[in-house]
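Below is one structure, written out as structure tokens; the observations come after it.
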Amino acid sequence: MSDVRVRFAPSPTGYLHIGGLRTALFNWLFARRHGGTFLLRIEDTDRDRSTDAAIDAILNGLRWAGLDWDEGPHRQSDRLDLYRQKAMELLERGKAYWCVCTPEALEARRKEAQAKGEPLKYNGRCRERGLTNPTEPAALRFRSPEEGQTVVEDLIKGTIVFDNAVLDDLIILRSNRYPTYNLSVVIDDALMGITHVIRGDDHVNNTPRQVPLFEALEYPMPKFAHVPMILGADKARLSKRHGATSVLAYQEMGYLPEALVNYLVRLGWSHGDQEIFSMQDMIEKFSFDHVQASPAVFNPEKLQWLNAEYLKREEPRHLAELLLPFLEKHGYDRAGRVQPQGGLEAVVPHLCERAKTLVEMADWTLPYITEPVAMDEAAAEKFLIPAIAPSLNKFAQRVKMVEPFSKETLEPVVQLILEEDHLKMGKFAQPLRVALTGRTFSPGIYEVMALLGKEWTVQRIEQALHRIPSS
RNA sequence: GUCCCCAUCGUCUAGCCUGGCCUAGGACGCCGGCCUUUCAAGCCGGCAACACGGGUUCAAAUCCCGUUGGGGACGCCA
């Protein structure tokens, strides 16, 4: 193991979302690429908004995506005393001070500044007061440097320079004695030995506030990498109104984790013209050199294309397994029901080349595994018409005699009927398809019959004949 | 408003660091064709971009400056 240590540090205030998964993925990839350690840390210092359910959701999302972690999950709520202790140290050393400004006063002052067009920065009212044992509610503020510059060498964005004059004295301990993000994150990153802080672009502006904290606490400085945001089609930050943003939602829509991960890694990162990456590929090729510095628009069509690619490559056996939960939503019972020859596994190869998602595939699987078949009324009206009834009937009668029942033996039977009744293949196959599957589209008609078996084939043609008017 | 970041086809991107090989390549989507018993898939072809303006240079998508546009941050949230 190398000394590379990275972390994914979500706050458990909701489900794992697409952006979070990508940040986790980049961390994970970097760790795996360098033989380092990937750890999980739950940032739950805001006890009002953090929930255990959210932690479960995040962990499950990561597991589903195939991102395993080597350490944790650590919980910041278990380490509150540590943060308080460090905060007090800062106070004793004159690096922090008590502030008795009320949140209301601060808010009013911000509004005022906004109205006047001034920077929304804390005005330092308590900075030089030298409060030692405030009796009223007090928060602890970090004394930020007032002059000079803070320079961050970002692995993705390059050199970023901030004037310290624009930084304000951030609160590190709330008046309820709970630490704030900027304090706990610095302490944990340092004490957990994090070598590379890889996080969302929205944290860029936190970096110049955290750097002086690292220095004040006399901690070694990690390297930083800020991965660009994911945007919706309107170029606004990806949110619910752009559609699904939770990882779970993509799972439920029938996306394969490999496809989602592949899509996400290519969103902002590239390796030449390559589009399809196995996990192993990504690990071997991932580097910050080729991570884009600008935000990327999330494109559901491309994700769907990738999903279809993965569906086509998937092992039938595994695919059948993956399909089961989706089939059960249609009331399919895995224990019951007589299967077509070969079971689900036999059906799957005929559908995986056509389907974009597991949901779609499950739906298309239904005619082969359930009885009776659901009939598309519009299709029936168009194709199950009196003119074709005699041919279908003749076919059903002859099919009963076919043995063995296979594509090879069925084909001559169909050909003969085509000749006798002066029909083109399309004229006959389409009504037959509707009779057999209840739909206008399916795999090849011989494959369909082979999958259904003789009994269901005959039965369905006869059922179809019954519903044809005046026949 | 202030600060930070960014800018190649509609979208994801290659190329940019180390100017000439770029009449800018790939992918998704879209359009057309082939295949065909349907729907897909597959195959072939097409449309489509260096934001703008100044420099630097023999030469700029590539370097510099500005403009415009987009994103992010400005919480006792993380």
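Note that the structure is a prediction, hence the values are computed from the model and not measured. Proteins get letters first, then strands, A, B, ... in listed order; numbering begins at 1 in each.
B/rG42 and B/rG29: their P atoms are spaced 9 Å apart (whole Å). Rounded to whole Å, the separation between the P atoms of B/rC4 and B/rG45 comes to 49 Å. When the C1' atom is compared between B/rC30 and B/rG69, the two are found 26 Å apart, to the nearest whole Å. Only the P atoms considered, B/rC31 is 43 Å distant from B/rC74, to the nearest whole Å. Across B/rC16 and B/rC22, the matching P atoms stand 13 Å from one another, rounded to whole Å. Between the C1' atoms of B/rA60 and B/rC50, the separation comes to 11 Å (whole Å). Taking the C1' atom of each, B/rA7 and B/rU13 are spaced 14 Å apart, rounded to whole Å. Rounded to a whole angstrom, the distance from the C1' atom of B/rA78 to that of B/rG66 is 37 Å.
Using a 4.0 Å heavy-atom cutoff across all strands shown, A/G268 reaches sugar-phosphate atoms only and no base atom. At the heavy-atom level, A/V161 lies under 4.0 Å from the strands shown only through sugar-phosphate atoms. Base contact: A/E275 has a heavy atom under 4.0 Å from a base atom.
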- Item | nucleotides 35-50 of chain B: protein proximity per nucleotide (B base, S sugar-phosphate only, - neither; heavy atom, under 4.0 Å) | --BBBBSS--------
- Message: Return a single string for nucleotides 69-77 of chain B, one symbol per nucleotide in 5' to 3' order, where B is base contact, S is sugar-phosphate-only contact and - is none, cutoff 4.0 angstrom on heavy atoms.
- Response: --SBSBSBB
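To the nearest angstrom, P of B/rA14 lies 12 Å from CG of A/D289. Computed from coordinates, the A/Q304 CD to B/rC30 P distance equals 10 Å when rounded to whole Å. The distance from atom CG of A/D48 to atom P of B/rA78 is 10 Å, rounded to the nearest whole Å. Between A/K157 atom NZ and B/rC16 atom P there is a gap of 20 Å when expressed in whole angstrom units. Look at CD1 on A/I18: it is 16 Å from P on B/rC12, rounded to the nearest Å. A/R7 places its CZ atom 11 Å from the C1' atom of B/rA78, with the value rounded to the nearest Å.
Checking B/rC3, B/rG10, B/rG29 against every side-chain atom of A/F162, the shortest atom distance belongs to B/rC3.
Ring planes of A/H226 and A/F224: parallel class, angle under 30° (limits at 30 and 60°). Classified by interplanar angle (parallel below 30°, tilted 30° to 60°, perpendicular above 60°), the ring pair A/F286/A/F26 is tilted.
Applying the ring pair (Phe, Tyr, Trp, His ring centres under 6.0 Å) criterion to A/F326, with sequence neighbours excluded, gives no partner residue. Listed by chain and number, the residues in a ring pair (Phe, Tyr, Trp, His ring centres under 6.0 Å) with A/Y310 amount to none (sequence neighbours excluded). Not counting sequence neighbours, A/W98 has no partner by the ring pair (Phe, Tyr, Trp, His ring centres under 6.0 Å) test. Listed by chain and residue number, nothing satisfies the ring pair (Phe, Tyr, Trp, His ring centres under 6.0 Å) test with A/F142 (two or more places apart in sequence, or in another chain).
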- Could you walk me through whether A/N307 and A/T357 pass the side chain to side chain donor-acceptor pair (under 3.5 Å) test, one step at a time? CA-CA 7 Å; A/N307 201 52; A/T357 66; 5.5 Å; no
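Aromatic pair A/W456/A/Y368: ring centres not closer than 6.0 Å. Aromatic ring centroids of A/W305 and A/Y263 lie 6.0 Å or more apart.
For B/rC16, there is no paired base (Watson-Crick or G-U wobble, both distances below 3.5 Å).
Between A/Q292 and the phosphate of B/rA14, there is a side-chain N or O to OP1/OP2 separation shorter than 4.0 Å.
Defined by atom type and a distance below 3.5 Å, a donor-acceptor pair is present between the side-chain atoms of A/D281 and A/Q274.
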